[in-house]
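The next block holds one structure in the form of structure tokens; read it before the comments.
When a ligand or atom number is given, it counts from 1 through the structure's own listing order. Quick note: numbers below take in every heavy atom, side chains included, and nothing from hydrogens, waters or symmetry partners.
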Amino acid sequence: MQKKNIDIFFTTLQKLYPENRTDLIWKTPWQLLVAVVMSAQTTDKQVNNVTKHFFDNIQTPYDTLQLSLEQRSQLIKGVNYAPTKARNLYTTAQMLTEGRTHPNYHIPDTLSDLIKLSGVGEKTAKVILHVLYNTNDIAVDTHVHRVMNRIGLVNTASPIQTSKIIDNAIPKRYAYIAHHTLIFFGRYHCLARKPKCESCPFTSFCRYYKNNINS
Ligand code: SF4
């Protein structure tokens with residue numbers, strides 16, 4: 001992809017999605033971690049529908065530790081793999097409060113420390129780092145993977161492959177905005193089944209458009 005088109009792509013995305021935010025609704029760092037862990041294999045909308053019923057009462061890991069496994073599973077039963085996620089969140093709550101007194105806890109601010117937490121993989125960790133600590137980390141989900149391949153920034157077969165090379169594929173000056181703009185563009189415009197190419201500002205250089213729509 002030509003440099004000038006990369007510039008057009010990211011500056012346009014920034015105008016389309018100026019707010020660096022996530023669709024997940026949260027107020028405290030613990031709620032963010034809970035929501036991101038719950039969002040694995042589950043849409044943000046589903047997660048928000050579930051968390052709105054209990055986030056008023058679960059603001060810190062200490063609140064989670066008050067609940068039994070059955071209560072935790074029941075609270076989050078609207079998301080996929082609820083029992084496993086409920087177990088992981090309890091273990092993580094224990095880890096974050098160990099040696100501390102209520103209400104103190106600290107969500108780790110490095111990738112290596114975050115992935116030590118139960119149920120926190122690299123993608124989850126990068127979302128937390130980016131949203132909570134404003135880092136340049138880019139979590140590659142299916143939206144990011146699809147958009148990066150369609151537009152022509154990478155040529156990869158899986159999100160894991162894309163994740164391995166994404167830092168080199170995106171100029172550093174756009175790394176911070178890339179995370180949320182790519183997710184939103186993939187979620188709301190460059191849809192998996194029916195991309196909205198007819199109203200897309202990138203048709204002049206999009207690889208997918210050239211090879212599949214305008215060929
Ligand atoms: S032209 Fe179509 S496939 Fe290409 S980025 Fe735009 S919506 Fe996606």
Problem - Ligand-side contact atoms (ligand 1) for residue partner Cys206, heavy atom cut-off under 4.0 Å - result: 1 (S), 3 (S), 4 (Fe), 5 (S)

Practice task
Around atom 8 (Fe) of ligand 1, find the nearest protein heavy atom and jot down its residue, atom name and distance.
Solution key: Cys190 SG, 2.4 Å

Handout entry: Contact flag Cys197/atom 2 (Fe) of ligand 1, N/O/S atoms, threshold under 2.8 Å
Key = yes

Exercise for the section: Kindly state whether the ring of Phe185 and the ring of Phe202 have centres lying under 6.0 angstrom apart. Expected result: yes

Exercise for the section: Please find out if less than 6.0 Å separates the ring center of Phe184 from that of His189. Expected result: no

Completion exercise
When distances are taken from atom 3 (S) of ligand 1, the protein heavy atom at minimum range is Tyr208 CD2, 3.4 Å

Completion exercise
Among Phe9, Phe185, Tyr209, the residue with a heavy atom nearest to atom 5 (S) of ligand 1 is Phe185

Handout entry: Side-chain heavy atoms of Asp44 within contact of Arg187, under 4.5 Å
Key = yes

Practice task
Run the numbers on Asp23 and Tyr188 for side-chain hydrogen bond (donor to acceptor under 3.5 Å, both in side chains), then give the verdict.
Solution key: CA-CA 12 Å; Asp23 276 346; Tyr188 299 115; 2.5 Å; yes

Problem - Residue Cys200 vicinity, atoms of ligand 1 by number, heavy atom under 4.0 Å - result: 1 (S), 5 (S), 6 (Fe), 7 (S)

Practice task
Mind running salt bridge (Lys or Arg N to Asp or Glu O under 4.0 Å) on Lys172 and Asp167 for me, showing each step along the way?
Solution key: CA-CA 8 Å; Lys172 286 208 171 9; Asp167 288 343; over 6 Å; no

